[in-house]
Amino acid sequence: MKHQSKLPNVGTTIFSVMSALANKHNAINLSQGFPNFKSDQKLIDLVSKAMNSGYNQYAPMPGNLDLREAIAKKMELLYKSTYNPETEITITAGATQAIYTIISTFIRPKDEVIIFRPAYDCYEPAIAVNGGKIISIQLDAPDYKVDWDEVSSHFSEKTKMIIINTPQNPSASVLSKMDLIQLQKLTEDTNCIVLSDEVYEHILFDGLEHQSICKFSGLKSRSFITASFGKTFHNTGWKVGYCCAPKILMDEFRKVHQFNVFSVNHPTQKGLADYLKEPNNYLGLSKFYQAKRDLFLSLIKDSRFKFKPAKGTYFQVLDFSEITQESDVAFAKRLTIEHGLASIPLSVFNDNNKDDKVLRFCFAKTDDTIKRAAVILNRI
Ligand code: PMP
Ligand code: GLN
């Protein structure tokens, strides 16, 4: 049988590759982004309770209503932004499914989609599979600042969508209020949809405030927000997330969503709904992860790695240019195999694999793991 691949240049994701390499060599795994500590027992008990109370059949197509209502309350509380839980919030199988479904709902062949690189890896294949044209804007280490004049020079009536991500994975940078105002100006009076990937909305450091797209009325009306409970409540394996958008956009999203997954794991949604009602369950996250970032950076401050402290996410980028001139991919593999520490090379997320000689380390780990990783980094 012959077939022509729709994604001829796509292999296995770097996250799977590096985690597999870490397992094979029994290395400390700071590559793929997931915590190595437990989710709150209260949340696990609430999900068990939901199972024992009969939440074991299909959830409504857009998601458990209690959960959608709890999300609407959170959006009010944090951003003073109103989303109707009946029509403007949908629960998804992680943010990944929300992102894929948003892109396939709106992108037709030849539509242009602007992404910023280094870009999280699920955007590009979703655009390509739907025949869209990727317009990528390369941001540079160490600050990864957006030049809005450059964005403007790539923007035209063919631009169907712009994807932003703040706090940003993998660079750990964040967009400022000024960035969002520039984006608002750029898209004013156009039909461009904005996909705002905000899975790290609760993880910002040094007093920085999350600039959710919904705080800007001119943007909110054209935007989807995607979010992930896996990142917020330390259970990436549950794969539950959601998206919010004005009804006119969400109606279209649901037409595709209902035939894509129809609905998402029901008892988990019910447990999350009950847990989300207590804002303290997510409001402490920045402080929790800032302590881990600070521990990691204080332990490696005298190493040969250079860094700017992460502004958000649970990733820290380290520059290794004073250590070796080998490629970041080669160095990441050697670090794993020879030194027992796995990380993610950033070039795989860049245009033409631009290599800034930086690696990403996940510090969503126990303090003991962070300390053991620091010992290795200090030896190099
Ligand atoms: N976007 C970004 C920026 C991510 O880092 C991730 C990984 N958590 C996702 C989307 C996907 O989230 P989920 O695991 O909920 O599918
Ligand atoms: N979001 C995770 C990361 O950035 C990976 C998720 C995945 O493996 N697809 O590391």
Side-chain angles (χ1 to χ4, degrees), residues 39-40 42-43 46 62-92 94-95 98-99 102 164-169 172-181 183-184 194-235 240-247 249-250 269 271-291 293 310-314 364:
S39 203
D40 188 352
K42 269 191 291 183
L43 174 55
L46 285 169
N64 174 283
L65 187 58
D66 273 3
L67 181 55
R68 286 182 279 144
E69 283 171 348
I71 292 166
K73 284 205 178 111
K74 186 183 82 143
M75 301 304 280
E76 285 280 357
L77 176 76
L78 294 184
Y79 310 122
K80 299 191 179 45
S81 189
T82 304
Y83 283 96
N84 182 334
E86 297 273 1
T87 55
E88 300 186 314
I89 297 173
T90 302
I91 311 303
T92 57
I99 291 163
I102 292 163
I164 58 168
N165 173 211
T166 183
Q168 212 265 356
N169 178 12
S173 60
V174 300
L175 293 177
S176 67
K177 188 172 174 183
M178 236 12 247
D179 287 316
L180 278 279
I181 288 172
L183 177 61
Q184 182 162 261
V194 179
L195 194 173
S196 182
D197 182 349
E198 303 186 16
V199 301
Y200 299 101
E201 69 182 309
H202 301 301
I203 315 179
L204 278 87
F205 307 130
D206 305 318
L208 286 168
E209 209 178 285
H210 174 54
Q211 299 301 333
S212 177
I213 198 133
C214 66
K215 298 206 286 190
F216 303 81
S217 59
L219 285 171
K220 182 181 173 180
S221 57
R222 63 175 72 256
S223 298
F224 277 87
I225 292 176
T226 58
S228 167
F229 290 113
K231 298 288 156 186
T232 304
F233 295 137
H234 318 310
N235 46 38
V240 182
Y242 60 92
C243 60
C244 307
K247 181 174 183 304
L249 297 178
M250 191 57 89
Q269 290 190 58
L272 284 164
D274 294 336
Y275 193 69
L276 202 62
K277 286 175 190 152
E278 176 46 70
N280 285 334
N281 286 332
Y282 52 85
L283 288 180
L285 214 57
S286 288
K287 192 169 162 216
F288 174 78
Y289 276 123
Q290 185 165 326
R293 180 202 67 172
K311 293 188 168 163
T313 75
Y314 47 49

Could you grab the distance from atom CE of M75 to atom OG of S212, nearest 0.5 Å is fine? 4.5 Å
State, with a plain yes or no, whether a side-chain heavy atom of D179 is found less than 4.5 Å away from one of V174. no
Do the ring planes of F288 and H234 sit parallel (below 30°), tilted (30 to 60°) or perpendicular (above 60°)? tilted
Evaluate the ring planes of H202 and Y282, with Trp represented by its six-membered ring, and classify them as parallel (under 30°), tilted (30 to 60°) or perpendicular (over 60°). tilted
Excluding sequence neighbours, so at least two apart, what forms salt bridge (charged side-chain N to carboxylate O under 4.0 Å, His left out) with K247? D251
Hey, could you give me the OG1/OH distance between T226 and Y242, rounded to the nearest 0.5 Å? 9.5 Å
Find the distance between CZ (F233) and CG (L276) and round it off to the nearest 0.5 Å. 5.0 Å
Just grab all the salt bridge (Lys or Arg N to Asp or Glu O under 4.0 Å) pairs involving residues 69-90, residues at least two apart or on different chains. K74-E201
With sequence neighbours excluded, residues passing side-chain contact (heavy atoms from CB on, under 4.5 Å) with Q184: F216, L219
Pairwise distance CD(Q290) to CG(L208) - rounded to 0.5 angstrom: 9.0 Å
side-chain contact (heavy atoms from CB on, under 4.5 Å) involving D274 - partner list, sequence neighbours excluded: L46, K270, K277
Distance check, rounded to the nearest 0.5 Å: L175 atom CG versus I181 atom CD1? 12.5 Å
Between atom CG of N165 and atom OG of S196, what is the distance when rounded to the nearest 0.5 Å? 8.0 Å
For side chain to side chain contact (heavy atoms under 4.5 Å, CB included), just list the numbers for H210 and L78, CA-CA rounded to whole Å, side-chain angles, deciding distance to a tenth of an Å, and then say yes or no. CA-CA 10 Å; H210 174 54; L78 294 184; over 6 Å; no
R68: partners by salt bridge (charged side-chain N to carboxylate O under 4.0 Å, His left out), with sequence neighbours left out: none
Strictly by salt bridge (Lys or Arg N to Asp or Glu O under 4.0 Å), give each pair with a member in residues 212-234 just once, sequence neighbours left out. E209-K215
